[in-house]
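Being a predicted model, the structure only gives us computed values, none of them experimental.
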Amino acid sequence: MLKFIYAFFITIIAHIILYIFINDLLSQKELKINTTNKIIKSKKSGYTNIKYVKLQKVKKATEYKNKKIVIKKEIESLQIPIKKEKVDLKKFFTIDKSKVVKKEKKKTYQKNEDIIKEVEEIKHLDKLTQSYIKLYGEEYFAFSKEQKKYLKTNLSKIGQITQRYLSYPGISIQTRQSGINTVEFLFHPNGDISNLRITDSSQYTALDQNTIQTIKTAYKDYPRANEAVKIKIYVRYIMY
């Protein structure tokens, strides 16, 4: 009898659990998904407050992504495409002869003006300096301002110092040799000389060699230059 009572109660409990389970299933089918977190009315279960937090976040993320896409498209539409121009390489290697001629004429004119001005200054120098500068010819006008200033100021001094050290070779006196030779060398700021040579011979070897030896002795007394400069002077040998 006791076993029958236990079986009866177990059967009732099983039916109750089954009823609740089926009722929940039917309620879930009738519920509608809501992403706005509102109360939804169900036909059987009445009012139910359902929160869909995860779905709400997904929706916001989707909206944010869509907004970014729209903004990106708007920005891209505002960008002005750069037109790629075709580069004509011939322009880089073509010389406008008319412009070159004008520039050359301008340079030549300016150069001529500078030479004229320089010549006028030379005319006001002493005769000895003028005669030395004439030995350079057009090369003189290619020198720097500092070099030309040194030559105009010191060439006559160099000639006079050289003359003081000059002695007439004995063989030249015996053979009555006379003449003029031209000597040149590079005079350095430290007082040294280089490239010493005769550029215009007196036609006598003894006189030319004597000039070279005289310069090698006299150059130590020459006025120093601020930059290397070419010195060009002539030496006279005259028999009285």
Taking all non-hydrogen atoms of both residues, which atom of [X] and which atom of [Y] are closest, and how far apart?
X      : Y      : answer
Ile231 : Leu151 : CD1-CD2, 4.0 Å
Val229 : Ala225 : CG1-CB, 4.0 Å
Tyr219 : Phe187 : O-CE1, 4.2 Å
Ala228 : Gln147 : O-NE2, 2.8 Å
Ala206 : Ser172 : CB-OG, 3.6 Å
Ile158 : Pro223 : CG1-CD, 4.2 Å

Hey, quick one: are [X] and [Y] part of the same hydrophobic cluster, counting side-chain heavy atoms closer than 4.5 Å, chains of contacts allowed?
X      : Y      : value
Ile173 : Tyr204 : yes
Tyr136 : Leu186 : no
Val119 : Tyr132 : yes
Ile171 : Val235 : no

Is there a donor-acceptor pair under 3.5 Å between the side chain of [X] and the backbone N or O of [Y]?
X      : Y      : value
Asp126 : Thr129 : yes
Tyr237 : Leu207 : yes
Tyr150 : Asn226 : no
Arg224 : Asn190 : yes
Gln130 : Leu125 : yes
Asp208 : Ser202 : yes
Glu184 : Arg197 : no

Between [atom1] of [X] and [atom2] of [Y], what distance do you get to the nearest 0.5 Å?
X      : Y      : atom1 : atom2 : result
Thr182 : Ile233 : OG1   : CD1   : 9.5 Å
Tyr234 : Thr199 : OH    : OG1   : 13.0 Å
Leu196 : Ile215 : CG    : CD1   : 6.5 Å
Lys152 : Glu118 : NZ    : CD    : 4.0 Å
Met239 : Thr175 : CE    : OG1   : 8.0 Å
Asn154 : Gln160 : CG    : CD    : 11.0 Å

Lys230 with Glu139: basic N within carboxylate O range, under 4.0 Å: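 Salt bridge flag = yes for Glu139 with Lys230.
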Should the pair Phe143 and Tyr140 be assigned to parallel (<30°), tilted (30 to 60°) or perpendicular (>60°) ring geometry?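 Perpendicular.
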Going by atom types only, do Glu146 and Ser144 share a side-chain donor-acceptor pair under 3.5 Å? no
If you apply the rule side chain to side chain contact (heavy atoms under 4.5 Å, CB included), what do you find for Phe185 with Ile212, and how did you get there? CA-CA 10 Å; Phe185 56 90; Ile212 295 294; over 6 Å; no
List the steps, then state whether salt bridge (Lys or Arg N to Asp or Glu O under 4.0 Å) holds for Lys117 with Glu120. CA-CA 5 Å; Lys117 184 178 178 181; Glu120 289 298 319; over 6 Å; no
Side chains of Asn210 and Leu166, heavy atoms from C-beta outward: is any pair under 4.5 Å?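 Asn210 vs Leu166: side chains touch.
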